[in-house]
Protein chains: 2
Amino acid sequence: MTTVLIADDQPMQRFGFRMLLESQDDMTVVGEASNGTEAIRLVDRHHPDVVLMDIRMPGLDGIEATRRIVATGDRTRILIVTTFDLDEYAYDGLRAGASGFLVKDAQPEELLAGIRAVASGDAVVAPSLTRRLLDAYIHHLPSSATAEQNPEDPRLASLTEREREILTVIGQGWTNTEIAERLHLAESTVKTHVGRILAKTGARDRVQAVILAYDTQLVTPA
Amino acid sequence: MTTVLIADDQPMQRFGFRMLLESQDDMTVVGEASNGTEAIRLVDRHHPDVVLMDIRMPGLDGIEATRRIVATGDRTRILIVTTFDLDEYAYDGLRAGASGFLVKDAQPEELLAGIRAVASGDAVVAPSLTRRLLDAYIHHLPSSATAEQNPEDPRLASLTEREREILTVIGQGWTNTEIAERLHLAESTVKTHVGRILAKTGARDRVQAVILAYDTQLVTPA
DNA sequence: CTCCCCGTCGTACCCCGGTACTACACCGAC
DNA sequence: GTCGGTGTAGTACCGGGGTACGACGGGGAG
């Protein structure tokens, strides 16, 4: 039996959660809190498996409450359930030690699955936030292949000397017209070079080519 | 209608996926591949919304196939579905550009929800992996508190929080369309933000904005 | 010598990016 | 209450960027 504590300042929201959870025969609601301080007290008393934690509550908010509950070393897991997936506090909640972050407009089944996952030690994140998380930290993910950071980056290996030259000035923000003028070329020639650079490096457009130029240290930040 | 391509070397597995997907009236299977090479070819032909990608396949595996499909700039999203959640290649798959990672023993509803999330530009990660992801990178999560303490480059001083967020993803090479999708905005809104960013920073176009993002360390080389 | 890569240039075409507006809801400051 | 900043969204327009072709001279490798 999974014991759950509901922490939300909106009574109707608590009621909805309680109805949903009580309809499951493997879950039971052991208490309701309307602010962070109350949540901490009830966790200390009941030691629930999971806390459904709202972020925006009067007095002590859900983030700080999460932080303090986690700090006690209690086995209670915190699942943050808030209204907006773009809430800036989402990151803070996870950093505070929450085991999950879901949005309130999620399907009831998703919420229930999230509670069960969190209760069993796993973690869940709303898809909309997962996207941003991955985008922000994809480059920090460990790689099974040893990351090579050679002076000659393999991503530039197939470029000719001229193409590398063009990529450098692209990385400095020049337009095709400017490149043509300053390098005494026809703009069509510049376009040909740019096209080949994109094809060889896999960059989609000159923006990604600029990023590649920085990542490979072909150009360096000012 | 969400179009899906199934890439798995086990015929029975493909059959199971196909039966599940075809039972949904908002999904249709546009093809099946038994290895990575075939998957790439079928993506190029059908441009499906989502690819259900197995990792372990003879010849070209799912990771490399993902990498190459993503590199084409095609709008196709890759959802990796594999047998073992402990598979070391999971990280590689996400780094290769996959929009999600699920395990095959997930509930059918989870799989369907994952496909829909990925098709709409979001991302999904299996709870068991999410736990490990958070544990490993929790300390790298941005904090709204620390963000305020960061010494600000004067060139970014006039930008609002939202504009800084947009500039960050511009610095990661996203197109306006992608920004709109992944941040759940209208493209016109994105253009408004981009226009204000350029006006405030003096950047001529998004290319120079990327350079500015690097120079001010709003984004850092990989 | 012949082949092929490289660098050059051209045309045609389409789409994305950027600009120039307007508009509206929200919210905090005055 | 009014005002301004912010975030959202829309329409219309145009130019640059990127693609898909083809073409040609030079030069090194076979």
Side-chain angles (χ1 to χ4, degrees), chain A residues 56 83-90 128 132 156-213, chain B residues 44 47 71-76 121 144 147-148 152 156-213:
Chain A
R56 296 180 183 174
T83 306
F84 309 101
D85 66 339
L86 294 180
D87 199 317
E88 263 82 25
Y89 296 136
S128 53
R132 298 200 294 157
L156 304 180
S158 62
L159 296 184
T160 67
E161 208 50 46
R162 189 58 158 169
E163 286 162 356
R164 216 162 302 196
E165 191 180 348
I166 302 287
L167 178 54
T168 302
V169 295
I170 290 177
Q172 288 164 0
W174 298 15
T175 65
N176 288 340
T177 307
E178 287 171 345
I179 297 174
E181 284 177 357
R182 303 185 194 180
L183 265 53
H184 306 292
L185 294 175
E187 185 169 349
S188 61
T189 303
V190 177
K191 285 191 172 187
T192 301
H193 283 309
V194 173
R196 287 177 185 160
I197 291 170
L198 300 184
K200 286 183 178 179
T201 60
R204 179 175 49 195
D205 49 38
R206 70 195 298 116
V207 172
Q208 293 194 346
V210 170
I211 294 172
L212 180 68
Chain B
D44 185 54
H47 303 286
T72 64
D74 199 293
R75 306 180 64 76
T76 296
S144 61
E148 297 168 7
E152 277 185 0
L156 303 180
S158 60
L159 296 184
T160 69
E161 207 53 45
R162 190 57 157 170
E163 286 162 355
R164 216 159 302 191
E165 191 180 346
I166 303 287
L167 178 54
T168 302
V169 296
I170 289 176
Q172 287 164 0
W174 298 16
T175 65
N176 287 340
T177 307
E178 286 171 345
I179 297 174
E181 282 180 358
R182 302 185 191 179
L183 263 52
H184 304 293
L185 295 174
E187 186 170 350
S188 60
T189 303
V190 177
K191 284 191 172 186
T192 301
H193 284 308
V194 172
R196 288 178 185 159
I197 291 170
L198 299 184
K200 286 183 178 179
T201 61
R204 177 175 51 193
D205 50 36
R206 71 196 297 114
V207 172
Q208 293 195 346
V210 170
I211 294 172
L212 180 68

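In this text, all values refer to a predicted model and were calculated from it rather than measured experimentally. What's counted below: heavy atoms across the whole structure, side chains too, no hydrogens, waters or symmetry copies. Residue numbering restarts at 1 for every chain, and letters A, B, ... go by the order of the sequence lines.
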Sub-4.5 Å side-chain heavy-atom contact between [X] and [Y]:
{"X": "A/L183", "Y": "A/T189", "answer": "no"}
{"X": "B/L167", "Y": "B/R164", "answer": "no"}
{"X": "B/R162", "Y": "B/L185", "answer": "yes"}

Legend entry - Nearest-0.5 Å distance, CD1 of residue A/I211 to CZ of residue A/R204: 9.0 Å

What is the distance, rounded to the nearest whole Å, between atom [atom1] of [X] and atom [atom2] of [N]?
{"X": "B/I179", "N": "D/dG7", "atom1": "CD1", "atom2": "P", "value": "15 Å"}
{"X": "A/L185", "N": "C/dT8", "atom1": "CG", "atom2": "P", "value": "5 Å"}
{"X": "A/I166", "N": "C/dC6", "atom1": "CD1", "atom2": "P", "value": "15 Å"}
{"X": "A/R164", "N": "C/dC6", "atom1": "CZ", "atom2": "P", "value": "11 Å"}
{"X": "B/E163", "N": "D/dG5", "atom1": "CD", "atom2": "C1'", "value": "10 Å"}
{"X": "B/E161", "N": "D/dT6", "atom1": "CD", "atom2": "P", "value": "11 Å"}
{"X": "B/L159", "N": "D/dT6", "atom1": "CG", "atom2": "C1'", "value": "13 Å"}

Distance-minimising heavy-atom pair for [X] and [Y]:
{"X": "B/A186", "Y": "B/A180", "answer": "C-CB, 4.0 Å"}
{"X": "B/I170", "Y": "A/V207", "answer": "O-CG1, 4.0 Å"}
{"X": "B/A209", "Y": "B/A203", "answer": "N-CB, 3.9 Å"}
{"X": "A/N176", "Y": "A/R206", "answer": "OD1-NH1, 2.9 Å"}

Inset, instruction - Starting from the first five and the last five pairs of the helix from C/dC1-D/dG30 to C/dC30-D/dG1, work out the angle between the resulting helix axes, to 10 degrees. - result: 40°

Inset, instruction - State which of D/dG17, D/dT8, D/dA9 makes the closest approach to the side chain of A/E187. - result: D/dG17

Legend entry - Phosphate-side-chain proximity, B/N176 and C/dC16, N/O vs OP1/OP2 below 4.0 Å: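 Checking C/dC16 against B/N176, no side-chain N or O comes under 4.0 Å of OP1 or OP2.
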
Legend entry - C/dC5 phosphate, OP1 or OP2, under 4.0 Å from A/T160 side-chain N/O: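 No, no such contact exists.
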
Inset, instruction - Sorted by first residue and then second, give each salt bridge (Lys or Arg N to Asp or Glu O under 4.0 Å) pair with at least one member in residues 187-202 of chain A; sequence neighbours left out. - result: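 Of all non-adjacent pairs touching residues 187-202 of chain A, those that pass salt bridge (Lys or Arg N to Asp or Glu O under 4.0 Å) are A/E163-A/K200.
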
Inset, instruction - Taking only heavy atoms on the protein side, list every residue of residues 188-208 of chain B lying under 4.0 Å from any atom of DNA chain D, sorted numerically. - result: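 Within residues 188-208 of chain B, the residues near DNA chain D are B/S188, B/T189, B/T192, B/H193, B/R196.
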
